[in-house]
2 protein chains.
Amino acid sequence: MSELAARVLVVEDEQQMLRFLRTALTAQGYEVREAVTAAESIVEATTHNPELILLDLGLPDGDGIDLTRRFREWTRVPIIVISARGREDDKVAALDAGADDYLTKPFSVNELLARMRVALRHAAQAGTDTSSTVIEVGELRVDQVRREVAVGGREVRLTPTEYRLLVLMAANAGKVLTHRQILKAVWGPPYMGETHYLRVFMAQLRRKIEADPARPRLLVTEPGVGYRMRDV
Amino acid sequence: MSELAARVLVVEDEQQMLRFLRTALTAQGYEVREAVTAAESIVEATTHNPELILLDLGLPDGDGIDLTRRFREWTRVPIIVISARGREDDKVAALDAGADDYLTKPFSVNELLARMRVALRHAAQAGTDTSSTVIEVGELRVDQVRREVAVGGREVRLTPTEYRLLVLMAANAGKVLTHRQILKAVWGPPYMGETHYLRVFMAQLRRKIEADPARPRLLVTEPGVGYRMRDV
DNA sequence: CCGCCCCCTGACACAATCCTGACGCTTCCC
DNA sequence: GGGAAGCGTCAGGATTGTGTCAGGGGGCGG
């Protein structure tokens, strides 16, 4: 399992709790690194790239919720907040700030370990997706940094909406996207019913990137469901 | 926000709690679907493809942890467990079975909503997909992400209704589904009396996926009751 | 102020799907 | 043996979904 020997950063100022966590996690085979202050935790995180962060809200040099937000500016590493404060507002604020879970002291070790496994499971799942800047599907090539689209080397000029639609389809090559999913992603939630937009823009895209727009090989229709970019 | 109008499946047998959740979630703009039993929840999930599942552990017809495990055989949709049981073992078992979070009754609505946002955030990160995987029954193979059906490696093209019917049967492989259950799930509650639809579409499905449609080995008839997909 | 480009919208043709009725078969019960 | 009920099969017509075209309106830059 990939959770074995995962690097865990524990951010905690109370010595007692820190010792407790260290022994518990080490016993499970985790590689534990420690930070006592918010500042220190950022240094640790940047230098040692942990796979999971356990974060106590009650730090001496700053608000843990702010710290969470700061982490989220540059990393998606799972953050499990541990706090003596059981107030509803704290939980909601921490979770909305980007924390993945919230445990109130006192907590059971086994529950913590189980929730850590969940967090690491999520990370492993999310890690597989390639959010690379260049997407290639057959003859099609989309460079998201340069915002350039080419088919068989030939440059293709796309309008903003066409481009967003194409990126969405290419990024999910092989998968079927429903009308609702596409409309929500490209036009926004309020437009989830406007399936006609889709037909018009799919036709335009096909005219620009397909060799024979009447017989699409890349942007195929899944009748009654949605569309799919064929990846083979 | 992309989590607006997300489809949520609530699996809960207590009427009071069900009503409570329904009003709270609807007020937040969620599209709520409901199931009262474990069997019903699988039917609902396969046919309506929710983006999140709220699952009460205390169901009349089965263990919620087993149900979680069953969901995880074919879908990665976020599951938040709600339970009156606050025992550590229950939490660990549910989380390790594949649940993404665990709330103990009584819980605060705001915390539930915050944890739902976390779960939906994770799902959105993992991809635009609804995170379903593959169902395999003998020679039959259903890939819900690609929406592809194959029998012994050979691709099969299905219409929307045929596909929904097949997914329903495959997800419940081994179990007998009554005419009413199938009709309700595939065509909707108003059509529970139209058993003729079933005969027509079962015949069409058999013609497409059975080696000898006259002697079905996958989609078998349970006379006077309903149909069943044989899982061996 | 003008022109261009893009997005939205409506009308229409075509294709595919779903519904519906008729009919023959089997099974079970009387 | 006969009838009824349930099931499987077939084919045509209604309905829905999809592709296509063209034009108006609004925003943006010159």
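Keep in mind that the numbers below use all heavy atoms, side chains included, and drop hydrogens, waters and symmetry copies. Naming: A, B, ... by sequence-line order, numbering from 1 per chain.
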Asker: Look at the side chain of A/Pro223 and decide which nucleotide, out of D/dT18, D/dG8, D/dC10, has an atom nearest to it.
Answerer: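 Out of D/dT18, D/dG8, D/dC10, the nucleotide with an atom closest to A/Pro223's side chain is D/dT18.
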Asker: Can you classify the ring geometry of A/Tyr227 versus A/His179 as parallel (below 30°), tilted (30 to 60°) or perpendicular (above 60°)?
Answerer: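 Rings of A/Tyr227 and A/His179: perpendicular, as their planes differ by over 60°.
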Asker: In whole angstrom, give the distance that lies between atom CZ of A/Arg215 and atom C1' of C/dA15.
Answerer: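 Roughly 13 Å, once rounded to whole Å.
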Asker: Can you say whether the rings of A/Tyr191 and A/Tyr197 are parallel (under 30°), tilted (30 to 60°) or perpendicular (over 60°)?
Answerer: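 It falls in the tilted class, 30° to 60°.
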Asker: What distance separates B/Asp100 CG from B/Leu55 CG, expressed to the nearest 0.5 Å?
Answerer: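 Here the interatomic distance stands at 11.5 Å.
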Asker: If you compare all heavy atoms of B/Leu218 against all heavy atoms of B/Leu140, which two are closest, and at what distance to 0.1 Å?
Answerer: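 Looking at all heavy atoms of both residues, the closest pair is CD1-CB, 4.3 Å.
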Asker: Taking only residues two or more places apart in sequence, or in another chain, which ones meet B/Tyr102 in a ring-ring contact (aromatic ring centres under 6.0 Å, His included)?
Answerer: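 Partners of B/Tyr102 under the ring-ring contact (aromatic ring centres under 6.0 Å, His included) test: none.
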Asker: After noting the C-alpha distance and the side-chain angles of B/Lys208 and B/Leu158, does the key distance pass the side chain to side chain contact (heavy atoms under 4.5 Å, CB included) rule?
Answerer: CA-CA 8 Å; B/Lys208 291 189 179 182; B/Leu158 297 183; 3.6 Å; yes
Asker: Which of residues 175-204 of chain B sit near DNA chain C, with a heavy atom under 4.0 Å from it?
Answerer: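 Within this stretch, B/Trp187, B/His196, B/Tyr197, B/Val200, B/Phe201 sit under 4.0 Å of the strand.
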Asker: Kindly state which residues belonging to residues 154-174 of chain B come within less than 4.0 angstrom of DNA chain C, counting heavy atoms of the residue only, listed by number.
Answerer: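 B/Arg157, B/Thr159, B/Pro160, B/Thr161, in order of number.
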Asker: Give the ring-plane orientation class for B/Phe201 versus B/Trp187, where under 30° counts as parallel, over 60° as perpendicular and anything between as tilted.
Answerer: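 B/Phe201 and B/Trp187: perpendicular rings.
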Asker: In whole angstrom, what separates A/Lys208's NZ from D/dG19's P?
Answerer: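 Distance check: A/Lys208 NZ to D/dG19 P gives 18 Å.
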Asker: Take the protein atom CD of A/Glu222 and the nucleotide atom C1' of D/dG17, then report the distance between them rounded to whole Å.
Answerer: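 Roughly 14 Å, once rounded to whole Å.
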Asker: Between B/Ile65 and B/Ala93, which heavy-atom pair has the shortest distance, and what is it?
Answerer: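 Of all heavy-atom pairs spanning B/Ile65 and B/Ala93, the closest is CD1-CB, 3.6 Å.
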